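One structure below.
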Amino acid sequence: MGHEKIGLIFMSVVLVTGCGGSGVNFDYPTRRGEITPSGVRLGGVFRMNEEGTPRSLDPVRIGDSVSHHIGQQIFDSVLTFDDDLELRPGIAESYELSGDGLVYTFKIRSGVRFQDDPCFPGGRGREVTAHDVAYSLTRNLIPANLSTGVWLFDTLVEGAKEFLEGQADHVSGFRVLDDSTFQIRLKKPFAPFPYRLAMSYCFVVPREAVEHYGQDFFQHPVGTGPFRFAYWKPNQELLLVRNLNYWQKDADGVSLPYLDAIRISFINDLKIAFLEFDLGNLDFVQEIHDDIWSKVFDETGRVRPAYQKYQIDGRLMWITQYYGFNLTKPPFKDNRALRQAFNYAIDRESLIKYVLNGRGEAARGVVPPNMPGYTSRVEGYPFNLEKARKLMAQAGYPNGEGLGEITLQLNSAGTLNENVAEAVQEQLSKIGVKVQLRVVDWSQHLESLDNYEPVFFRMAWVADWPEPENFLALLYGSNLSPAGPNHTAYANPEFDRLYEQAIATPDEAERYALYQQAEQIAVEDAPWLFLYNTKRYNVRQPYVRNMRLNAQELMFLTRVWLDEP
């Protein structure tokens, strides 16, 4: 792929793309070559890659990491996270909670404008008001929008269910008190609620853009974020350019973002992506392909001299990798012994050492082990073939007899998913289970999960916020797909009771103790084949500055800059 070049030509940025070398002009001034009082070099195109393609850039449909990484640059949410993953003001500059824990009152920040776009009169973006917040959150509850974020509000916000079911013309719990004051009224206390308002589903959008672009809004997003949408070539690349009217400034009073643009390529093969990086055609890659791992790291895990010029960071992420069991269909429906047998049959340590090159830790349960303030007491499923075989017999399938072939569906994303699946396939064969692999693209995978089609499927959850509830919500009985993220259809009344008691408990220590009890129940029920918690290695060119890896895999690019003349 070619390298973008930015030049000051008639005060416009000229971006030369790598696909065909066609020049695309965007009429705004570049700051290429300017240096701030703090030594930040402004301008430039940040070139990164995403495995897979975005599902949608309409916030109500952004439920996957790829779409979120892009949406995070285009939109702002009511509340947000900083680089340390602490909850911070976003479009709402402050909020207050009533004494009964039911009413949140938000003060909307003044001076935040939507990005310039033809959907507005004269193409000039207008200022955001509390009405826009109410409109954006309500969109999640309009059935025609097919939002995957319905579960954020439907059972929690006053009047949400009535609106969702067509019994009301507005959500009574979303109240605009004036242009700068927005209020949310809950039906019951929910201690982690503010975290939800930092999710992609709560990105704020203008009514004008949604109505102007109609069904195409998902591929022509308009928000208030640091970068505005330029174009999207499916399966090739996507370009974002600096929002000249972005509301944030740095300590020197310099308007953010520092970059002129972000170009995102969609190379599914990690090996090819890293080779492009090594050739200088990418500034950042999120992972290192297995075939390249031994070239970059020696046997002790140290970076080899030839690659020490790059910035390489590794850390355990808030990501749980698992294979889900469809509990609406045989053979896994009403057969806990079978699900437990699968779990005991997996040698996770071997999987991590030989397939993942050490990039993970064995998943003992639902919640990652490094979640702040949470110490899980679940023991999980240690590798035990003898116990697995006994459970297979107890399940009615001794040595796999009568079980038939099980199809494991996974999404295409380089070769890592396939390599892991093949290892699991081989390990399950030792207890007589025959597994066939079916690989589909990401959007098809998600759609089939929403409809409970695959009986056995690969999935992972990346934390939306630093609270165990965010992972346990995947197994809450009221969060069934497609409205919610419970793709297994797991429902246990005792789990649900503990979960509900926990989320209504404001004291963190008490709440976390209840989470631990709920997690233990879920692990014993085994709605998932627990695999591993991901350890990720990001690689950046030596001139990339102010980009930090975080456990939530959020993509903070507003203050990234390129120290390259």
Side-chain angles (χ1 to χ4, degrees), residues 51 268-275 285-304 306-307 312-324 340-365 368-370 379-389 400 406 408-439 456-462 526 528-539 549 553:
E51 301 167 59
N268 281 331
D269 191 321
L270 286 172
K271 183 178 180 180
I272 296 176
F274 188 85
L275 291 174
V285 287
Q286 299 179 55
E287 194 54 275
I288 301 174
H289 190 274
D290 296 337
D291 292 349
I292 297 173
W293 185 266
S294 60
K295 295 181 180 179
V296 179
F297 297 93
D298 64 21
E299 295 78 6
T300 66
R302 295 175 61 88
V303 179
R304 296 185 187 277
Y307 293 93
I312 302 177
D313 292 329
R315 69 171 298 163
L316 190 67
M317 312 297 287
W318 296 340
I319 301 175
T320 298
Q321 302 276 352
Y322 66 93
Y323 289 165
Q340 290 179 337
F342 275 49
N343 271 285
Y344 279 116
I346 302 304
D347 184 351
R348 293 165 183 81
E349 299 299 338
S350 175
L351 180 73
I352 291 165
K353 182 177 181 179
Y354 297 108
V355 180
L356 300 177
N357 288 308
R359 290 168 292 172
E361 289 187 8
R364 295 187 301 165
N370 59 334
E379 296 181 1
Y381 291 90
F383 178 50
N384 190 328
L385 273 181
E386 181 180 353
K387 194 164 187 176
R389 291 183 177 116
I406 302 293
L408 169 61
Q409 180 173 297
L410 53 146
N411 61 294
S412 56
T415 59
L416 181 62
N417 287 349
E418 287 91 336
N419 291 343
V420 171
E422 287 170 2
V424 170
Q425 180 185 46
E426 192 274 332
Q427 291 184 8
L428 288 175
S429 70
K430 295 179 181 178
I431 58 171
V433 176
K434 297 177 181 178
V435 176
Q436 176 186 5
L437 305 184
R438 180 172 186 256
V439 182
F456 191 35
F457 55 88
R458 180 261 166 195
M459 200 57 180
W461 189 259
V462 181
W528 298 350
L529 194 166
F530 302 94
L531 291 174
Y532 60 95
N533 299 111
T534 300
K535 188 173 185 180
R536 182 145 290 167
Y537 287 82
N538 284 182
V539 188
L549 177 62
E553 207 180 33

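Here the structure is a predicted model, which is why all the values come from computation and not from measurement. Atom set for the values below is all heavy atoms of this structure, side chains included, hydrogens, waters and symmetry mates excluded.
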CD (Glu422) with more than 12 external heavy atoms under 6.0 Å: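 Atom CD in Glu422 is crowded, with more than 12 foreign heavy atoms closer than 6.0 Å.
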
Drop me the distance from [X]'s [atom1] to [Y]'s [atom2], to the nearest 0.5 angstrom.
X: Asn533; Y: Arg364; atom1: CG; atom2: CZ; answer: 9.5 Å
X: Asn268; Y: Leu416; atom1: CG; atom2: CG; answer: 12.5 Å
X: Leu529; Y: Tyr322; atom1: CG; atom2: OH; answer: 12.0 Å
X: Asn538; Y: Asp313; atom1: CG; atom2: CG; answer: 7.0 Å
X: Asp269; Y: Ser412; atom1: CG; atom2: OG; answer: 11.0 Å
X: Leu356; Y: Trp293; atom1: CG; atom2: CH2; answer: 9.5 Å

State, with a plain yes or no, whether a side-chain heavy atom of [X] is found less than 4.5 Å away from one of [Y].
X: Leu385; Y: Lys430; value: yes
X: Phe274; Y: Val296; value: yes
X: Phe383; Y: Ser350; value: no
X: Val424; Y: Val435; value: no
X: Val439; Y: Glu418; value: yes
X: Leu351; Y: Val420; value: yes
X: Phe457; Y: Leu410; value: no
X: Val462; Y: Thr534; value: no

Tyr381-Trp528 aromatic ring centre distance below 6.0 Å: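 When the ring centroids of Tyr381 and Trp528 are compared, they turn out to be at least 6.0 Å apart.
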
Ring centre gap for Phe342 and Phe456 strictly below 6.0 Å: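 Yes, the ring centres sit under 6.0 Å apart.
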
For a quick test of reading the model, state the closest non-hydrogen atom pair linking [X] to [Y] and the distance between them.
X: Ala388; Y: Ala345; answer: CB-N, 3.9 Å
X: Phe530; Y: Gly365; answer: CD2-O, 3.5 Å
X: Val285; Y: Ala273; answer: CG1-O, 3.8 Å
X: Arg304; Y: Ser294; answer: NE-O, 2.7 Å

Stepwise side-chain contact (heavy atoms from CB on, under 4.5 Å) check, Val355 with Ile352: CA-CA 6 Å; Val355 180; Ile352 291 165; over 6 Å; no

side-chain contact (heavy atoms from CB on, under 4.5 Å) evaluation trace for Trp461 with Ile319: CA-CA 5 Å; Trp461 189 259; Ile319 301 175; over 6 Å; no

Residue that, paired with Phe297, satisfies side chain to side chain contact (heavy atoms under 4.5 Å, CB included) out of Asn357, Ile312, Ile292: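 Looking at Asn357, Ile312, Ile292, the match for Phe297 under the side chain to side chain contact (heavy atoms under 4.5 Å, CB included) is Ile312.
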
Set of residues satisfying side-chain hydrogen bond (donor to acceptor under 3.5 Å, both in side chains) with respect to Arg458, sequence neighbours excluded: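 Per chain and number, Arg458 pairs via side-chain hydrogen bond (donor to acceptor under 3.5 Å, both in side chains) with Gln321, Asn411.
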
From CA spacing to verdict: side-chain contact (heavy atoms from CB on, under 4.5 Å), Arg359, Glu287: CA-CA 10 Å; Arg359 290 168 292 172; Glu287 194 54 275; 3.7 Å; yes

Lys/Arg-Asp/Glu bridge criterion (N-O < 4.0 Å) met for Arg348, Glu361: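 Salt bridge between Arg348 and Glu361, a charged N being under 4.0 Å from a carboxylate O: no.
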
N/O donor-acceptor pair under 3.5 Å between Trp318 side chain and Asn370 backbone: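 Indeed, once roles are kept as given, a pair shorter than 3.5 Å links the two residues.
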
Full working for side-chain contact (heavy atoms from CB on, under 4.5 Å) between Val539 and Gln286: CA-CA 6 Å; Val539 188; Gln286 299 179 55; over 6 Å; no

